[in-house]
Participant: 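Got a structure for you, written out below as structure tokens; questions coming shortly.
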Amino acid sequence: MAAGAGDGRMMGLQRERGGNARKSSSEQSAEAGLGAACNRRQLLAFGAAAGGLLLAGCASSAPSALYALSAPEIGAEQAGLRRGGKQILVPRPRALNALDSNYVAVVDRGEAYSYFPGIAWADALPDVLQARIVQTLENTGRLGGVGFPGDGLLIDYQLQTELRAFEIRVDGPKRGLVELSAKLVNDRNGRAISTQVFRAETAVSGAGVDQAVAALDASAIKVMAELAAWVLSRT
């Protein structure tokens, strides 16, 4: 799906294919990381012929496709709140090293991580998610300001998050799992206002890589929409 224009409409799943173009820093990082990861893990790829997952060899070259995430639009009717002047800082989500990378993760039984060869997130996953959380909150139109650390806003609250899961699960029906814990903190006194865990699973609709990433994107949209409504109800 093509990315939406910057007019507030819901953005589609973004995908950029590599070619003879000069490699970006993200591609170079993914290339080096994938080569190292091959020494420890088998990488998984969706096999259409088998109708499921097939083991694939290690890919040490740069990814041929980079993926981003969509950002849901949360309207006034959904939030049920009037416009306010509160300003929120969104720090980078915390994550285990297994998720703090460009790799698109696959988890079988237990917590053993493998990664799809030949594809990557457009940036380190916590950075991609941070940008989309900011965009989702901005899309509500119900906050005075939303920013990243260093933006210079006079902050009222911090939205601190931890990425607990962002992976394709194959220990049963294939599904995209996203789990995010959130803590809303008063920036003036450091007190936690509220905490909440958000979780969503979406079935993978086919055997292709695009379908797998689309399932993760759909789960992320659900989590970010619920996160935004929760933030608005407490600020």
Side-chain angles (χ1 to χ4, degrees), residues 6 8 10-11 68-103 105 107 111 113 121-167 169 175-202 216-235:
M10 181 178 292
M11 296 188 65
L69 296 172
S70 305
E73 182 178 355
I74 310 297
E77 296 80 11
Q78 292 171 280
L81 296 172
R82 296 180 179 178
R83 184 178 182 87
K86 301 299 183 182
Q87 302 196 118
I88 296 181
L89 177 72
V90 181
R92 187 179 193 265
R94 296 185 297 274
L96 295 176
N97 287 340
L99 295 174
D100 192 356
S101 72
N102 302 68
Y103 313 143
V107 179
E111 295 300 324
Y113 286 84
W121 297 115
D123 205 336
L125 180 57
D127 294 321
V128 174
L129 187 61
Q130 179 188 23
R132 289 299 178 256
I133 291 173
V134 169
Q135 184 178 356
T136 300
L137 291 173
E138 289 175 336
N139 285 349
T140 67
R142 293 297 177 264
L143 294 166
V146 185
F148 300 87
D151 279 357
L153 296 178
L154 184 60
I155 298 301
D156 296 294
Y157 300 98
Q158 287 192 34
L159 178 59
Q160 300 176 359
T161 57
E162 179 183 357
L163 186 58
R164 295 184 175 182
F166 206 104
E167 64 230 20
R169 300 291 305 205
R175 60 206 186 276
L177 170 63
V178 175
E179 183 173 318
L180 186 75
S181 67
K183 181 187 299 181
L184 192 63
V185 178
N186 187 320
D187 196 66
R188 307 298 175 86
N189 56 29
R191 292 183 178 177
I193 304 299
S194 185
T195 60
Q196 185 72 37
V197 176
F198 302 91
R199 179 186 175 99
E201 294 186 19
T202 303
L216 284 171
D217 189 58
S219 293
I221 286 174
K222 295 175 186 176
V223 164
M224 288 187 288
E226 292 176 4
L227 174 68
W230 174 77
V231 169
L232 292 175
S233 70
R234 286 159 175 77
T235 56

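Residues take their numbers from the sequence shown, with the count starting at 1. Computed from heavy atoms alone, side chains included, the values below leave out hydrogens, waters and symmetry copies.
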Participant: Where do Leu153 and Gly147 come nearest, in terms of heavy atoms and distance?
Facilitator: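 Shortest heavy-atom contact: CD1-N, 3.7 Å.
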Participant: Is there a donor-acceptor pair closer than 3.5 Å between any side-chain N or O of Arg175 and the backbone N or O of Glu201?
Facilitator: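 Side chain of Arg175 to backbone of Glu201, a donor-acceptor pair under 3.5 Å: no, none is there.
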Participant: What's the separation between atom CD1 in Ile133 and atom CG in Leu137, rounded to the nearest 0.5 Å?
Facilitator: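 It is 7.5 Å, given to the nearest 0.5 Å.
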Participant: Should Lys86 and Asp187 count as an ion pair when the cut-off is N to O under 4.0 Å?
Facilitator: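 Not counted as a salt bridge, because no side-chain N and carboxylate O are separated by less than 4.0 Å.
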Participant: For the pair Asn139 (side chain) and Pro72 (backbone), establish whether a donor and an acceptor sit closer than 3.5 Å, ignoring hydrogens and angles.
Facilitator: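 Checking the backbone N and O of Pro72 against the side chain of Asn139, a donor-acceptor pair under 3.5 Å is found.
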Participant: Of all heavy-atom pairs between Val231 and Thr235, which one has the smallest distance, and what is that distance?
Facilitator: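 So the minimum-distance heavy-atom pair works out to O-OG1, 3.0 Å.
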Participant: Any side-chain heavy-atom pair from Tyr103 and Tyr113 closer than 4.5 angstrom?
Facilitator: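 Tyr103 does not reach Tyr113 side chain to side chain.
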Participant: Once you round to the nearest 0.5 Å, how far does CD1 of Ile193 lie from NZ of Lys183?
Facilitator: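 So the CD1 of Ile193 and the NZ of Lys183 are separated by 12.0 Å.
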Participant: Quick one: does any side-chain atom of Ser219 pair with a main-chain N or O of Val178 as donor and acceptor, under 3.5 Å?
Facilitator: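 No.
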Participant: Side chains of Leu143 and Glu138: closer than 4.5 Å at any heavy-atom pair?
Facilitator: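 Contact flag for Leu143/Glu138 side chains = no.
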Participant: Can you find a heavy atom in the side chain of Phe166 that is under 4.5 Å from one in the side chain of Leu69?
Facilitator: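 Phe166 reaches Leu69 side chain to side chain.
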Participant: How many angstroms lie between CG in Asp123 and CG in Asn102, if you round to the nearest 0.5 Å?
Facilitator: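 Here the interatomic distance stands at 6.5 Å.
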Participant: Atom CG in Leu232, atom CD1 in Ile88: separation rounded to 0.5 Å?
Facilitator: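 Answer rounded to 0.5 Å: 7.0 Å.
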Participant: Which heavy atom in Leu89 sits nearest to a heavy atom in Pro149, and how many Å separate them?
Facilitator: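 So the minimum-distance heavy-atom pair works out to CD1-N, 3.3 Å.
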Participant: Decide yes or no for Ser181 and Thr195: does some side-chain heavy atom of the first lie under 4.5 Å from some side-chain heavy atom of the second?
Facilitator: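 No, every pair of side-chain atoms sits at 4.5 Å or beyond.
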Participant: Trp121 versus Leu129: any side-chain heavy-atom pair under 4.5 Å?
Facilitator: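 With C-beta onward as the side chain, the pair stays apart.
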Participant: Can you tell me how far apart CG (Leu99) and CG (Leu163) are? Round to the nearest 0.5 Å.
Facilitator: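 Leu99 CG to Leu163 CG: 5.0 Å, rounded to 0.5 Å.
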Participant: Supply the atom-to-atom distance Leu227 CG to Gln196 CD, rounded to the nearest 0.5 angstrom.
Facilitator: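 Answer for the CG-CD pair, Leu227 versus Gln196, is 9.5 Å.
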Participant: Give the minimum heavy-atom separation between Arg132 and Ala68, together with the two atoms involved.
Facilitator: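 Taking every non-hydrogen atom into account, NH2-CB, 4.1 Å.
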Participant: Looking only at heavy atoms, which two atoms of Ser101 and Pro126 are closest? And how far apart?
Facilitator: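 Between these two residues, the closest heavy atoms are N-CD, 4.4 Å.
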Participant: Return the set of residues passing salt bridge (Lys or Arg N to Asp or Glu O under 4.0 Å) with Arg94 (not counting sequence neighbours), or none when no residue passes.
Facilitator: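 Once residues adjacent in sequence are excluded, Arg94 has no partner under the salt bridge (Lys or Arg N to Asp or Glu O under 4.0 Å) criterion.
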Participant: Mind checking whether Val146 and Val90 have side chains closer than 4.5 Å, heavy atoms only?
Facilitator: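 A side-chain contact under 4.5 Å exists here.
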Participant: Check whether Arg188 reaches the backbone of Ile155 with its side chain - one donor and one acceptor, N or O, closer than 3.5 Å.
Facilitator: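 Yes, Arg188 side chain to Ile155 backbone: donor-acceptor pair under 3.5 Å.
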Participant: Would you say the side-chain atoms of Asn189 pair up with the backbone N or O of Arg191, donor to acceptor, closer than 3.5 Å?
Facilitator: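 Checked: pair present.
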Participant: Set out, in order, the CA-CA distance, both residues' side-chain angles and the distance that settles side-chain contact (heavy atoms from CB on, under 4.5 Å) for Trp230 and Leu159, then state yes or no.
Facilitator: CA-CA 11 Å; Trp230 174 77; Leu159 178 59; 3.9 Å; yes
Participant: Looking only at heavy atoms, what is the nearest atom pair of Ser70 and Met224, with distance?
Facilitator: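 Taking Ser70 first and Met224 second, the nearest heavy atoms are O-CE, 3.2 Å.
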Participant: Test of understanding: with salt bridge (Lys or Arg N to Asp or Glu O under 4.0 Å), list the residues that count as partners of Glu226, not counting sequence neighbours.
Facilitator: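 Scan of Glu226 (salt bridge (Lys or Arg N to Asp or Glu O under 4.0 Å), adjacent residues dropped) gives none.
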